Amino acid sequence: MNSLTPFPGPGHSPDVVAFHRTELNVILSLYGRMVAAGEWRDYGISSLRDVAVFSVFRRTAEHPLYRIEKRPKLRNRQGEYAVIGMDGQILKRGHELRTVLRVLERKLIRPVSD
C-alpha cells in the first residue's frame, strides 16, 4: 500500500532514440513538399528504445506508406538511417539522412504534360 515509484532525477533519463532537430528539419521539409504535391496527408513520430520512426500516411486511418527509421546501433554497419516501404522492404539505407531521403524525392519528379 505504501509502495513508492522513484521519480527519475536529472541524471537518470530513459534510453530512448529520437530524431534531432536538424534531422526533423530535413524530414519535414520533404514532408511539406509531398503534402503540397498531394502525395502525403499525415505523419506520426515514435521514439522507442532502439529506433526512432517517422511514419508517413496517405490517409489517417491506414498503414504507413513509408517509414523513415533511425537506428543508432547500425551507425558503424549499414548506416543508421533507412527508408522502408509499405510492404516492409528497405528502399534505401545509409549514413547520411539527405542521401537516404532522395529515394522519396524522386517520386516528386513527374513528366509535365502539355
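This one's a predicted model, so the numbers in the text were calculated from it and none came from an experiment.
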**Item:** Asn25, CG atom: more than 12 neighbouring heavy atoms under 6.0 Å
**Value:** yes
**Item:** Inter- and intrachain pairs under side chain to side chain donor-acceptor pair (under 3.5 Å), touching residues 81-98, at least two apart
**Value:** Glu23-Tyr81
**Request:** Indicate yes or no: at least one non-hydrogen side-chain atom of Phe54 is less than 4.5 angstrom from one of Leu30.
**Result:** no
**Item:** Cluster check Leu24, Val35: I/L/V/M/F/W/Y, side chain < 4.5 angstrom
**Value:** yes
**Message:** With a 4.5 Å cut-off on side-chain heavy-atom distances among I, L, V, M, F, W and Y, is there a chain of contacts connecting Leu28 to Val103?
**Reply:** yes
**Prompt:** Is Leu48 reachable from Tyr66 through a run of I, L, V, M, F, W or Y residues, each pair having side-chain heavy atoms under 4.5 Å apart?
**Reply:** no
**Request:** Please list, chain by chain and in numerical order, all residues satisfying side chain to side chain contact (heavy atoms under 4.5 Å, CB included) with Arg71, sequence neighbours excluded.
**Result:** Val51, Glu69, Leu74
**Test item: Tyr31 side-chain N/O and Arg41 main-chain N/O as donor-acceptor pair under 3.5 Å** = yes
**Complete:** Heavy atoms of Ala52 and Ala18 approach each other most closely as CB-CA, 3.9 Å
**Over all atoms of both residues, closest heavy-atom pair of Glu80 and Pro72** = OE1-CA, 3.7 Å
**Message:** Applying side-chain contact (heavy atoms from CB on, under 4.5 Å) to Leu104 and Val56, what does each step give before you reach the verdict?
**Reply:** CA-CA 11 Å; Leu104 298 175; Val56 176; 5.9 Å; no
**Request:** Answer with yes or no whether the hydrophobic clustering places Ile90 together with Leu65; edges join I, L, V, M, F, W, Y residues whose side-chain heavy atoms lie under 4.5 Å apart.
**Result:** no
**Request:** Show your reasoning for whether side-chain contact (heavy atoms from CB on, under 4.5 Å) applies to Ile68 and Val100.
**Result:** CA-CA 9 Å; Ile68 302 164; Val100 171; 6.0 Å; no
**Prompt:** Say you draw a straight line from CZ of Arg33 to CD of Glu105; how long is it, rounded to the nearest 0.5 Å?
**Reply:** 4.5 Å
**Request:** Tell me, please, which residues at least two apart from Phe19 pass ring-ring contact (aromatic ring centres under 6.0 Å, His included).
**Result:** none
**Asked** For the atom pair CZ (Arg75) and NZ (Lys70), what is the distance rounded to the nearest 0.5 Å?
**Response** 7.5 Å
**Asked** Among the clusters formed by ILVMFWY side chains lying less than 4.5 Å apart, do Ile84 and Trp40 turn up in the same one?
**Response** no
